2 protein chains.
Amino acid sequence: MGVSLKDVAQRAGVSIKTVSNVVNNYPHVTPQMRAKVQQAIDELGYRPNLTARHLRKGRTGIVALAVPELGNPYFAELAGAVIDAAARHDYTVLVDHTAGLRERELLVCQEFRSHVIDGLILSPIHLETADLVARQETSPLVLLGEREYEAPYDQIAIDNVAASRLAVRHLLDLGRSRIAFLGSRTSRERRPAHLRLRGWREELTAAGLEPDETLVVATEGYGRADGATAMTTLLERGAPPDAVFAYNDLIAIGAMRTLAEHGLRVPDDVAVVGFDDIEESSYGTITLTTVSPDKQAIARLSVDRLVERLAGKPVSEPLRIRPGYRLAVRESTGSVPTGAHGSGNGTENATRTDPLLPATPRHPDTPSHPDTARHED
Amino acid sequence: MGVSLKDVAQRAGVSIKTVSNVVNNYPHVTPQMRAKVQQAIDELGYRPNLTARHLRKGRTGIVALAVPELGNPYFAELAGAVIDAAARHDYTVLVDHTAGLRERELLVCQEFRSHVIDGLILSPIHLETADLVARQETSPLVLLGEREYEAPYDQIAIDNVAASRLAVRHLLDLGRSRIAFLGSRTSRERRPAHLRLRGWREELTAAGLEPDETLVVATEGYGRADGATAMTTLLERGAPPDAVFAYNDLIAIGAMRTLAEHGLRVPDDVAVVGFDDIEESSYGTITLTTVSPDKQAIARLSVDRLVERLAGKPVSEPLRIRPGYRLAVRESTGSVPTGAHGSGNGTENATRTDPLLPATPRHPDTPSHPDTARHED
DNA sequence: TTGAAAGCGCTAACAG
DNA sequence: CTGTTAGCGCTTTCAA
C-alpha cells in the first residue's frame, strides 16, 4: 500500500540504509546524496511507517492517560495539560476513561494496549493496593488522584488532608461552625474514608469541635446531580448547616443549585467551598471558593516521571510527589479578606485570590503557584 | 525483552503457528493442544505484541480525535462519547487538541502519527477547503464542527443555520427585538461569516427586522473570558440589547457574568441563549437556554463512518450527515412555556424541556432526540 | 560515507 | 489439524 524505504531507495538508486540515514538526519551524509534522496522522497510522497519503527525500537512514543470521566472538567483540563506536557517530549497521548469502574481500572493497568503504549498515567478510584501489587505488566505506571497506595509506583497528588484542612479552617475563620461534608463515598466495600473527609474531621477536631457525622452526606458519584441530591438530603434532615465543604467543585455547584432553589443565600446563609478549581468555578453567578491544585504541575510532573522511567534512568525508588495547591477564595465564602494560611511544611500556600469580581480569572497557562515541593518517602 | 510467540512455542513444544492459533482463537485446535499452549502462555506471562501484529496487518486499531480545546466542556463531553463509541468497535482513541491553530490542524490532518492511526476525526476551526483538497494522507477522515467544506470527506454536523434561527426565533417569540450576537470571529482572514451568525441574520430578516450590526461582537476565542469581554464591549457601546444569542455556552456564561456585574437581570432585562448544551448550562444559578446538539449521535455517527471506511466498504460518496438537535429552554429566557418549533425539513425538533427547576437534568446517556436525519449530497 | 543482511514479533500462505 | 516459511518496514550491526 504505502511507499516504503525500499521504494525510495530504488527510485534514488541508493541503498535502503542511505535513505534511512537521510530520514533520521544521520549527520554523515554528503549534501548531494541527501538532496538526491530527498527528491525521491518528495516525488514518492514517502512517509515513514512508525509502526515498523516502533516494532524495531521496542517503543511507540505513545503513553496512555486513564481518568474516571472526561465529562468532569477537572479531568478534561488535566487531560489537556497532560497532552501538552507529553507533546513537549514527543509523546502522543491515548486517552481513556474508566467511568470509575474497578473492572475498567484493572483492565487498563493490566493489559491495556500492551506493547502499544509505552507507559500509563492512571487516576484510579476503586483500585486497591493489592491490585497494584499484583500487576503483571512491566511498563511504567504513574498514579494520580486522591488515594494513596503502598505500591511500588510513582504517585503524584497534592496533600489532600492538608488541603482539606485549609478549606475547613477558612470556613471556621469565617465564624461558621456547622460545616457539612458533601461527597463521601457510599461504599459497600469497607474502604478507608476519603482523605478529604479525614481533613474535615481533623481540622474540626483541632478546632475543638466534635465532627457531626449527620452533616456528612454520601454521594453515588461525583457530578453536579450528586451534589444537588446530597444537598437536598442534608436539608431534609433539618437543622441546616452554615457551611458546606464539598468533595469537588461539581458537587459544590450542584449543592449551590439546591440551596438557591430552597431560597438559601450563598454565602450569607451557607458558605460553600469546593475542590479542584475548574474554570467553571470562576464564572458562576456566585463564584466558588475552592482548593486549587496546580494542574499544570501535576500534568508536567507525571509526564516527566513517566519519561524518565521510559528513558531507563537509574531506577530510583518510587516517588511520592506532592505538587502545590492554594485556596482560591471567591464569593461563595463571602470574599472577606482573610490572611494567608500555611501549615508550615512548604507544600501548600493559601493565597487570597480573585477579588470580588473575577471577570478576568487568572489564565490557566500562567499559574501563580510556587514551584512544587517534593516529598520522597 | 518481552516474551514472544517463539518462546511460548518452545516452552510448549509446539510450533509458532499453533500458539498463534490459540492466541487468535482459531477454531480448529484440539482441546489438549489448546490447554498445553495456554499453560505455557500463563507460565511465561505472554502478551501478544500488538505493534508487530499491526505491522503485519497494516492496521492498528487506533483512531485519532482532534478537537480545538479539551478545556471546553463541549469537546470534552464529545471526546468521552467518541471514546465510548470507538470502544464498541474495538478501537482506541488517541486524543489531541489543536488549540484552534491552523498550523496544528494542518499537521494533524496531514501527517499526524502516520501509519499509527487508522483514521481521524477532526473538528477544525481554521482549516480551509483548499487545505483539505490538498491533503496527501490517504487514511479516512471525518470532519466535525460548524464549518462546511467542499471536500471529499464525510462531514457530520447539525444544521447550524437552522438551529441558530430556531434560537433567535425563540427570542423573538419572547418579544425581544434588540438581539445581540456574541462570538463572531475577529478574522483577519477574509472568511465567510459563521453559520450561526448567518442564522441570526436570516431569522431577523425573516421577521422583518433589520440585523443591527452594532449588536454583533467579535471575540478572540471561544471561552468564558471572551464572552465576558464581549458583553462588556457591547454594554460600553450604549443602548444595551434585550437579548443575547451567543456562539456557544461558554461565551453565554461569560456574558451572563458580566450582566450580573452590571446589575442587569437575566432574563428580565436581557434574555440569553447559548449553543452546545454543556452540562454546566443546566446548573448555573440561572440555567441557560441553549441549542442542544445530539452529542451522542455525533460521536456515534462519526465513529461509524470511520469504521465503515476502514472496513473497506464499497466507497460511497462522501456523506454530509446532520444529526438531530433541539432547543433546551431554561431560565435564561424566562421559562415561558413556548410551543414547539420545527422548520419542516425533519432534521430538527425543538422540544420544551427542563421546567423551572432542573435539579435533575436529563441524563446525557438517554437522549430524547429523534433518530438522526441524513442528507446526502 | 554507504551497502548488505539480519531480525524485531507477528500473520498468512502453503505444505504436510 | 499443525509445521514451515516468507515477509510487513524499519533500524542496526558489520563490512566495504
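Quick note on labels: first sequence line is chain A, next is B, and so on, each numbered from 1. Everything numeric here is computed off the predicted structure, so don't read it as measured data.
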Candidates dT11(C), dG9(D), dT2(D) - which lies nearest the side chain of Lys57(B):
dT11(C)

Choosing from dC10(C), dC8(C), dG3(C), which nucleotide comes nearest the side chain of Arg56(A)?
dC8(C)

With nearest nucleotides of DNA chain D determined for Leu55(B) and His28(B) from heavy-atom distances, which residue corresponds to the more 5′ nucleotide?
His28(B)

Distance in angstrom units between Asn21(B) CG and dC10(C) P, rounded
14 Å

Please check if any side-chain donor atom of Asp304(B) sits under 3.5 Å from a side-chain acceptor atom of His89(B), or the reverse.
yes

Answer with base, sugar-phosphate or nothing: what part of the nucleic acid does Ile16(A) contact at a heavy-atom distance below 4.0 Å?
base

Using whole Å, report how far CD of Gln10(B) lies from P of dG9(C).
13 Å

Here the distance between atom C1' of dA4(C) and atom NZ of Lys6(A), to the nearest Å, is 14 Å

For the side-chain contact (heavy atoms from CB on, under 4.5 Å) test, which of Leu132(B), Asp154(B), Ile156(B) pairs with Leu143(B)?
Leu132(B)

Side chains of Tyr91(B) and Arg59(B): is there a donor and an acceptor less than 3.5 Å apart?
yes

Find the distance Arg59(A):CZ to dC8(C):C1' and express it as a whole number of Å.
15 Å

Distance test, side-chain N/O of Ser20(B) to OP1/OP2 of dC10(C), below 4.0 Å:
no

His126(B) side chain vs Gly100(B) backbone, donor-acceptor pair below 3.5 Å:
yes

Taking all heavy atoms of Ala64(A) and all of Ile117(A), pick out the closest pair and write down the distance.
CB-CD1, 3.7 Å

Rounding to an integer number of Å, can you tell me how far Leu50(B) CG sits from dC8(D) C1'?
16 Å

Counting only side-chain heavy atoms from C-beta out, which of dC10(D), dT2(C), dC10(C) sits nearest to Ala52(B)?
dC10(C)

Check the phosphate of dG3(D) against Ser15(B), side-chain N and O only, distance under 4.0 Å to OP1 or OP2. Yes or no?
yes

Ignoring backbone atoms, establish whether Thr30(A) has a side-chain N or O less than 4.0 Å from OP1 or OP2 of dT2(C).
yes

Salt bridge Glu137(A)-Arg47(B), side-chain N to carboxylate O under 4.0 Å:
yes

Round to the nearest Å and state the distance from Asp7(A) atom CG to dC10(D) atom C1'.
13 Å

Hey, does the side chain of Ser4(B) come within less than 4.0 Å of dC8(C)'s phosphate (OP1/OP2), counting only N and O?
no

Can you tell me if Asn24(A) touches the phosphate of dT11(D), counting only side-chain N or O atoms and a distance under 4.0 Å to OP1 or OP2?
yes

Grab the CD-C1' distance between Gln32(A) and dT1(C) for me, whole Å please.
11 Å

Tell me what Val29(B) touches on the nucleic acid: a base, only sugar-phosphate, or nothing, going by heavy atoms under 4.0 Å.
sugar-phosphate

Could you state the NE2-P distance from His54(A) to dG9(C), rounded to the nearest angstrom?
16 Å

Protein N or O to nucleotides 13-15 of chain D N or O, pairs below 3.5 Å:
none

Would you call Leu5(A) and Tyr46(A) a side-chain contact if the rule is heavy atoms closer than 4.5 Å?
yes

Is there side-chain contact between Arg305(A) and Ile121(A), with at least one heavy-atom pair below 4.5 Å?
no

